[in-house]
Amino acid sequence: MTNEPGPDAAAEDARGLIPFGDSPRPTTNDEFGRRLVEALSLDPATSGWLLRGAGPEVSAELQGADVASLVVDATGLLFEQDPGASAPGPVSDQSPANRPGVRLRTEPATLSRAELRARPVLVQGVPVTIEAEGRDIPIDWVDLAGGRLVVDLPVDQPARLGTGSALRLRVRTEVAPAVRAMADAARPGLAAEGIRLDREHLSLRQLGPRRIRFDGRARVRWKIFRQRVKISGVLAVDERHVLGLSHFRVRVSNPLLNLAFRGFVRELATELQQSVDLNEGLAPWTIRHLRVRAGRRAELDLELRPR
């Protein structure tokens with residue numbers, strides 16, 4: 001089924017659409033795979049990231065406008081922040097596919113089964129294993145003015161989702177190298193504020209199926225002060241998938257500074273300990289399954305289904 005608007009169709013914001021080359025849509029598996037690889041490529045000028053490697057491997061099977069199966073394998077790829085990149089500007093001003101355009105024609109279709117494999121992928125040198133699956137996901141082939149083709153994912157439209165629609169994500173990584181990478185990424189910004197951070201460490205301990213205690217410490221240098229800072233707390237997700245933080249504490253080795261920052265820490269704890277509904281903003285999807293494991297390795301297993 002193809003929807004064609006009249007000549008008065010207005011320009012709309014195409015932010016979030018996936019660029020897919022020129023119209024018409026691909027009709028062979030190889031052409032679809034080639035265009036998807038191009039769409040997934042990173043432009044350092046707009047993303048701030050560099051991709052090391054030959055790019056992901058893609059295999060697909062088309063059935064008319066529908067995509068019967070899609071497998072994207074990113075195993076072994078290395079993603080690094082581009083040290084020379086400036087902060088990216090508005091997406092709609094940078095990518096041709098994300099600039100406003102007139103929809104000349106929309107062809108609804110279905111992505112029956114999709115799978116992403118990264119076993120592992122390296123992010124700032126940290127091995128991260130990612131396995132994602134999607135079933136019965138709605139897609140739209142959209143012809144824009146100027147001969148451009150984009151793909152829209154109307155996953156926020158309940159009428160387009162079926163009883164078999166589902167999204168599954170599994171992620172795992174080692175905690176210690178991930179903490180080092182995050183600290184390294186934060187150091188330039190902290191240094192600009194006169195703050196130096198080193199000897200950072202984070203430990204996670206499983207207290208229950210969805211309950212984790214964290215204990216972190218680091219040495220912080222600011223002006224003439226050199227202090228050891230410790231932070232701890234308990235993160236828990238209840239049966240309604242509401243996230244809460246409790247037993248939050250921040251301690252500074254200098255007693256005078258500890259006293260001076262007591263009010264700030266109290267306000268920070270009050271702010272952080274407010275509950276967060278993880279389902280909020282996911283509509284029309286809802287969390288069907290959530291499992292978190294923590295220790296030397298952190299693991300997340302998440303499944304979404306339509307409400």
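Residues: numbered from 1 along the sequence shown.
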When you compare the side chain of [Y] with that of [X], does any pair of heavy atoms fall below 4.5 Å?
| X | Y | result |
| --- | --- | --- |
| T110 | P138 | no |
| L169 | V171 | yes |
| E80 | L78 | yes |
| L62 | T27 | no |
| R307 | N279 | yes |

**Study point:** Identified side chain to side chain contact (heavy atoms under 4.5 Å, CB included) counterpart of I212 within the set L207, V234, V237, V292
**Key:**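 Only one option passes, and that is V292.
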**Study point:** side chain to side chain contact (heavy atoms under 4.5 Å, CB included) partner of L290, the single match among L304, D301, L278
**Key:** L278
Practice item. Take D30 and T28, measure what side-chain hydrogen bond (donor to acceptor under 3.5 Å, both in side chains) needs, and give me the verdict at the end. Key: CA-CA 6 Å; D30 290 343; T28 67; 5.9 Å; no
Is there a donor-acceptor contact under 3.5 Å from the side chain of [X] to the main chain of [Y]?
| X | Y | answer |
| --- | --- | --- |
| T173 | P127 | yes |
| D73 | T75 | yes |
| W285 | V155 | yes |
| R119 | T129 | no |
| R196 | R219 | no |
| Q206 | G208 | yes |
| R217 | K230 | no |
| S165 | D136 | yes |
| W141 | V150 | no |

Point to revise | CZ (R249) with more than 12 external heavy atoms under 6.0 Å | key: no
Review point. Is R187 atom CZ crowded by more than 12 heavy atoms from other residues, nucleotides or ligands, each under 6.0 Å away?
Key: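 Yes, because the 6.0 Å sphere around CZ of R187 holds more than 12 heavy atoms from other groups.
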Whether [Y] and [X] form a salt bridge (side-chain N of Lys/Arg under 4.0 Å from carboxylate O of Asp/Glu) is what I want to check.
| X | Y | answer |
| --- | --- | --- |
| R288 | E303 | no |
| R117 | E131 | no |
| E200 | R180 | no |
| E299 | R291 | no |

Quick check on the hydrophobic clustering: are [X] and [Y] connected, directly or via other members, by side-chain heavy-atom contacts under 4.5 Å?
| X | Y | value |
| --- | --- | --- |
| L272 | V242 | no |
| V229 | I195 | yes |
| V126 | L204 | yes |
| L282 | L243 | yes |

**Study point:** Stepwise side-chain hydrogen bond (donor to acceptor under 3.5 Å, both in side chains) test for T106 and D140
**Key:** CA-CA 6 Å; T106 298; D140 284 337; 5.7 Å; no
Practice item. Would you check, one step at a time, whether the test salt bridge (Lys or Arg N to Asp or Glu O under 4.0 Å) holds for E107 with R103? Key: CA-CA 11 Å; E107 184 176 11; R103 292 195 180 209; over 6 Å; no
Exercise for review: Take D198 and R221 through the salt bridge (Lys or Arg N to Asp or Glu O under 4.0 Å) test and state the conclusion after the steps.
Suggested key: CA-CA 9 Å; D198 60 16; R221 284 181 287 178; 3.6 Å; yes
Check your understanding: Looking only at heavy atoms, which two atoms of L77 and V121 are closest? And how far apart?
Key ->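 The pair with the smallest heavy-atom distance is O-CG2, 3.2 Å.
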Point to revise | Shortest non-hydrogen contact from A65 toward A109 | key: O-CB, 3.3 Å
Practice item. Could you grab the distance from atom CD of E31 to atom CZ of R25, nearest 0.5 Å is fine? Key: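 Reported to 0.5 Å precision, the distance equals 10.0 Å.
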